[in-house]
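Bear in mind that the values here come from a model prediction, so they are computed numbers and not experimental data. The first residue of the sequence shown is numbered 1, and numbering continues consecutively from there.
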Amino acid sequence: VQLQASGGGLVQAGDSLRLSCAPSEGSTIGTLIMGWYRQAPGKEREFVAGISRSYAKNYADSVKGRFDISRDNAKNTVYLQMNSLKPEDTAVYYCAAKRSRSLLEVAPIRDRNALDYWGKGTQVTVSS
């Protein structure tokens, strides 16, 4: 499964942005826990948000209340709505996924070393 993220860009602090992630043609996200990670220059890649097959959500503390992850299985797409953006949100954002038989679990998406699929990133730059 190849994941493709899109929607990044240059915005000002306080603005909003929505990222999208879709798999390659012929693949489906229905059996996957989906998530978003980000990596700022000089820093490790970090977890941002995850969503289970049954729409349970999990967020990093740094984005709680500002970001919202969602999925539309019919459109085979995962979204990350980012509101009240801050300069410290500047990073390359990556879509990621993990195969799961469970409808409920979302925690496994937080283990970046155990994920099954990664997408190419999309740059988000927030100016002050």
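The CG atom of D68 sits 10.5 Å away from the CZ atom of R18 when rounded to the nearest 0.5 Å. One distance of note links NZ of K57 with CD1 of I109; it measures 15.0 Å at 0.5 Å rounding. Here the straight-line distance linking atom CG of L19 with atom OG1 of T77 works out to 12.5 Å at 0.5 Å rounding.
Judged as a disulfide bond (SG atoms under 2.5 Å apart), not a single pair has a partner in residues 32-66 (not counting sequence neighbours).
The shortest non-hydrogen separation linking M34 to C21 is CE-SG, 4.3 Å. A pairwise comparison of heavy atoms in A96 and L115 identifies CB-CD1, 3.6 Å as the closest pair. Nearest heavy atom pair, residue S16 against residue S84, reads OG-N, 4.3 Å. Taking all atoms of both residues into account, the shortest heavy-atom contact from S128 to P87 is CB-CG, 3.8 Å.
Linking Ile, Leu, Val, Met, Phe, Trp and Tyr whenever their side-chain heavy atoms come within less than 4.5 Å leaves V106 and F67 in two separate clusters. Grouping the Ile, Leu, Val, Met, Phe, Trp and Tyr side chains by contacts below 4.5 angstrom, directly or via other members, places Y94 apart from Y117. Clustering ILVMFWY residues whenever any of their side-chain heavy atoms sit less than 4.5 angstrom apart, transitively, puts Y79 in a cluster other than the one holding V11. A continuous path of Ile, Leu, Val, Met, Phe, Trp and Tyr side chains, each step under 4.5 Å between heavy atoms, connects L3 with Y93, placing both in one hydrophobic cluster. If you chain together hydrophobic residues whose side chains sit under 4.5 Å apart, I69 and L103 never meet in one group.
Checked by atom type, the side-chain pair S100/S102 shows no donor-acceptor distance below 3.5 Å. In summary, the side chains of Q123 and T125 do present a donor paired with an acceptor at a separation below 3.5 Å, with no hydrogens or angles considered.
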task: For C95 and W36, run side chain to side chain contact (heavy atoms under 4.5 Å, CB included): C-alpha distance rounded to whole Å, both residues' side-chain angles, the deciding distance at 0.1 Å, then the answer.
output: CA-CA 5 Å; C95 181; W36 290 92; 4.1 Å; yes

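Looking at E105 and S52, their side chains never come closer than 4.5 Å, going by heavy atoms from C-beta outward. Annotation: side chain of R99 is in contact with side chain of L32 (closest heavy-atom distance under 4.5 Å).
Atom CD of Q2 has 12 or fewer heavy atoms from other residues, nucleotides or ligands within 6.0 Å.
Each of V48, T122, V92 was compared with R38 under the side-chain contact (heavy atoms from CB on, under 4.5 Å) criterion, and only V48 meets it.
Within the 3.5 Å criterion, the main-chain N or O of I29 finds no donor-acceptor partner in the side chain of N73. Between the side chain of T90 and the backbone N or O of V126 there is at least one donor-acceptor pair closer than 3.5 Å. Between the side chain of N76 and the main chain of S27, a donor-acceptor pair closer than 3.5 Å is present. Side-chain N or O atoms of K98 include one that pairs as donor or acceptor with a backbone N or O of A114 at under 3.5 Å. A donor-acceptor contact shorter than 3.5 Å is absent between the side chain of R66 and the backbone of M82.
Judged as a ring pair (Phe, Tyr, Trp, His ring centres under 6.0 Å), and not counting sequence neighbours, the contacts of F47 are Y37.
By the 4.0 Å N-to-carboxylate-O rule, D89 lies too far from K86 to be salt-bridged with it.
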